[in-house]
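Data block below; observations after.
Only this structure's heavy atoms are used, side chains among them; waters, hydrogens and symmetry mates stay out.
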Amino acid sequence: MFERLDPRSPVPLYAQIADDVRLAIAGGELGEGDVLPSVRQLSAELRVNPATVVQAYRELEQEGFVATRQGAGTFVQNVGRELRSRERRQAARRLVRNLLREARRLGLAPDDLRDALDHELNGGGR
Amino acid sequence: MTFAVETQGLRYRAGRNFAMEGVDLHVPTGAIYGFLGPNGAGKTTTIRLILGLLRATGGRIAVLGESMPAARVSVLARVGYVPDRPHVHPSLTVAQSMELHAAFHARWDARWATELKGQFRLADDRRVGSLSKGETGKLMMLLALAQLPELLVLDEPTDGLDPVVRRDVLEALLAYVSDRQASVLISSHLVHELERICDWVGLMDRGALVAELPMREFKSGIKRLYVTGAPALLDDTTPFTVLSRGPANGAAEQWLVRGWTPDMHDHVTSLGATVTDVIDLDLEEGFVELLRSFRDKR
Amino acid sequence: MSSLGRWWLAGAAAAILIGAPRAARAQTQAEYRARVRALVPVWHEVAALKRREDSLAALTLPSDTVRSGPLVLLADSALVGFARRVAPPAAAALDRRFGHAAEILRSRPYLLSRPDSAGSPDSPISLSEVDGTGQARYVQSEPPDVNAMVWAVTHRAAAAIGASLGGDFAHWLGGDFPADTATPAMWTGVRIDLVTSPFAMARACYAGADSACALALGVAGTDDPVARWFDASERRDRVRHLTYQYRADHAGVYNACVTLGADTACAALLRLMPTADVDPPLGASARQSLLTLALDLGGPDAVTRMEAAPDDRGAQLAAAGGIPVDSLVRVWRHDVVAARSSNPSMSWGMALTSLLWVAACGALALRSSPWR
Amino acid sequence: MFKAILKTQWQWTRTAVLLAAIAAFTMPLLSMNSNVPTIQPRSFISVMQTWGVGYVVLAATVGLAVAILAWSSDHRGHHVYALTLPVARWRYVLLRFGAGVVFLVPVVAALGAGALLAVTMFPIPQGLHTYPWALTARFGFAALVAFAIFFAISSATARTAGYILGAIAGVIVVQFLADAAGLHWDVVSHAVDLVLAYPGVLSVFSGRWALVDV
């Protein structure tokens, strides 16, 4: 779930963790009632500061993705279809934004990108 | 904010080549504080001063609210220490060194120690001197953790360890920290290792504390800007700090700035210049840039 | 030559002249020879006196004489002060020890001088006396110290006074005439001598046989010391250590004793030696301690009484101590046995000192740099 | 706490203590065995005195070994481990010191046992006395003093040890210079007297060390 965690990215780690969880919920990887790993477990596994995990979970809780029950753990909430699709949309936009930034640095025009995207989507990359 | 470690105007002199002048270090309670700096910057010396292994020539040190080295006995009972070089008696076995350590630490958690020993795959009857570097590192971390400290002081704990061991050691450390909300002061010159676990960073070079700030601020605040048409001088109204300026490709200049936010584009524009690109720096790059600007200033 | 010396020479010449007519009247050659032999000691005495006179003259005679009781110290002007400080305590000690017997010192002056002509205040001072051979003998006191000189004077004087008891006594004593009273160190030394003596008789004495003590000390008369003092193996051992001359002169007996182990041969060979050459089993230090004890018991007149006593060791010591010789030996043995220090190798003081040092070192360890 | 220190320090000291205990036990027996009962008391005593040197050397060696081994492991880690233990430094030094003293006990006891056995097993020439207890006590105190001295030196830094050696060398150099200058100062023997004569540090070492004496 958290394979793409990149500490060198300017995006803060807690945000990356929260994004990954959101995406997993949006993509159906996590369903209602599923238990998220404990802070202790996750911070040890990812080797990140426990505070980072706490912060990510707190954000998710505030947004209604998860709920923390004292002593029992953190559970995935019932998330509405709309919220899920919005999350997916946002994830896609984040990807594109990164892509565009990279392209700008390399001096590629938007048309070049559009062509490449079409090409890839049509299976031309194989 | 309370501090697990706080120094004020710490001074120390060793020989002719090394001196520390007025180091003000603040490790917030509950934080994981990454103590960075190149080899020979004075990290180990600072740590030894904090633990009372060396005597400062000036300044004040408070650890866990108590003054050092006056309260060293009660402070050391609450501090776990992993030194840069193994300090455990090499002729003792793993079990014996654990027993010795337990005898001196009232809060020793024998059960967890046994658990960690299994987790680290340390055999009871192996002599410490015959352990590999990785195993020694794990044993020292075990001893520091099982005494249930409120503050962990780790001096290059993973230096020279292979990735697997490093992972084991960090996992145990983080599990402990999340269980006990302990504070950690961890020194390293391997910046990327600290990048994901620290929430505070202190940067030391040549006996001085170059910078000390929360990791978030460090990572989001330090940028490299490419600027064209930059004025020769910047006035005091500039909302960010320019750490260094240098030529880039063509007419552009390269600025290293701190405290940058996107809404500051306007200010640059008002100076008649244009920011053509903003590059995010990771900790290591930021660290290198900070050091460079610090050394240039001297 | 001084006038005194001339008078002596004249006296000697007169003696020879008076003797000569008698010799002329003598009938035989043998009688002449006997006369001459009788006169030889007189001549020797005269010659010795003359040499003493000469050597005294050769010494730069000091101008000042310091007298204290019977003690006469001669010193040049630079040393008069020193002599004045030495004389009274030395004289007092001699008086305490020897009483009237010290009177002979009146005719035996001692000379204090600096052998080196420079005469700096730190250079040693020598104590000289002129003995029968006319040689000036001296002991040096370095650095010039009153106490050391008092010691030297009293010891030389004691030797001189002791000499009046005759050659046999001096030989029995085998060492210096004791000037000091008994000390614990002396008794300890004698005790060690006794305990470690190679002679069974000495060890028997230590073990408690008073008669053995008297024999071993040589104060009980015996007709045949060789048989009484030693056992067979000791006799053989003695023979083995005889001088080369004896061995060469009596090679046959010597071999019979040493090689064949014939005790009769050993005893015979030892009996051939002059009695004086066979030393009693207990050494000189033991005999000196016995005399010291006798003098201590007898008080200042002890030596005077000894001089009056018959020429027998037992009688002389009994006279000195004022008690029978058996009792003297018993007291002596008691003192020797009592001299055993309770514990020669450890004491409470030593233990305490050690602990104090241990504590001091421990404190040092606490103060050492890594631990401050 | 003391138990743990005792246990670990025993680890480093046991070989030395064991060897020393064996030597201490056999030394009195060997010294007696070398004498035949018919021997003259004087040579008996002189043999005893010769063995006395052995006891002195053994006491000094045991003290040295136990003191050095008490600190060797701490030295190797530059004392960092000890200094980061939550215990007052003087207490830690005392723990090490106390453990060392405890390890001297078996050696002294072995000597005592050997001495007692020796004086009961072998005949003694008449008039001589045996001193098994005094010898044991003296040995014990000497070993203790040697231990304390070397403990103090060993607990210090190399620099302190250097100062001590420097002081000794200084005395010798002063003597050498004095001799060269023609002065009659006997600095060395004065210094040695100061140390060896009662109540000097090493006074317990000087004197008679015989199991059998007058």
Side-chain angles (χ1 to χ4, degrees), chain A residues 1-21 35-61 68 70-74 93-95 97-109, chain B residues 28-34 119 145 158 163-164 166-184 186 191-201 214-224 226 249 260 262 276-287:
Chain A
M1 199 194 306
F2 302 103
E3 299 81 6
R4 295 181 303 104
L5 213 61
D6 178 13
R8 303 164 71 98
S9 147
V11 180
L13 273 174
Y14 79 90
Q16 292 186 44
I17 292 170
D19 282 346
D20 285 349
V21 174
V35 189
L36 289 183
S38 72
V39 172
R40 180 189 203 270
Q41 242 177 322
L42 194 59
S43 79
E45 189 187 320
L46 301 179
R47 274 161 297 126
V48 298
N49 196 321
T52 310
V53 180
V54 170
Q55 199 179 357
Y57 281 11
R58 195 181 299 140
E59 192 174 278
L60 290 167
E61 200 174 355
T68 302
Q70 208 60 46
T74 307
R93 280 185 192 151
R94 269 203 302 276
L95 273 177
R97 213 178 293 135
N98 283 343
L99 180 67
L100 284 173
R101 192 166 54 205
E102 199 64 24
R104 196 161 51 233
R105 191 167 297 155
L106 296 172
L108 298 173
Chain B
T29 306
I32 301 184
Y33 187 103
Q119 211 170 307
L145 288 178
T158 57
V164 181
R166 195 179 295 167
R167 196 190 172 97
D168 285 349
V169 165
L170 287 178
E171 263 178 28
L173 171 70
L174 289 165
Y176 177 75
V177 170
S178 55
D179 281 350
R180 298 265 171 180
Q181 279 77 46
S183 316
V184 180
I186 177 166
V191 179
H192 59 87
E193 183 174 277
L194 299 183
E195 199 156 11
R196 46 167 76 200
I197 63 169
C198 293
D199 36 25
W200 273 78
V201 189
M215 178 68 101
R216 199 183 315 117
E217 206 174 296
F218 187 96
K219 289 188 71 175
S220 60
I222 296 188
K223 310 274 181 192
R224 190 185 289 132
Y226 289 90
N249 300 336
W260 174 265
T276 54
D277 207 353
V278 180
I279 309 281
D280 298 308
L281 296 182
D282 67 14
L283 185 60
E284 185 152 7
E285 288 165 320
F287 165 77

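- Across Glu171(B) and Ala44(A), no two heavy atoms sit closer than the pair CG-O, 2.8 Å.
- Distance alone, capped at 3.5 Å, places no donor-acceptor pair between the Arg47(A) side chain and the Arg167(B) backbone.
- Residues Ser178(B) and Val39(A) come closest through the heavy atom pair CB-CG1, 4.4 Å.
- Paired with Ser43(A) under the rule side chain to side chain contact (heavy atoms under 4.5 Å, CB included), one option of Ile197(B), Leu173(B), Leu174(B) passes, and it is Leu174(B).
- Counting only heavy atoms from C-beta outward, the side chains of Ile32(B) and Pro50(A) approach each other to under 4.5 Å.
- Proximity to chain A involves both the backbone and the side chain of Asp199(B), based on heavy atoms less than 4.5 angstrom apart.
- For chain B, no part of Gln16(A) is nearby; none of its heavy atoms comes within less than 4.5 Å.
- Nearest heavy-atom pair, Leu13(A) versus Glu195(B), reported as atom, atom and distance to 0.1 Å: CD1-O, 4.3 Å.
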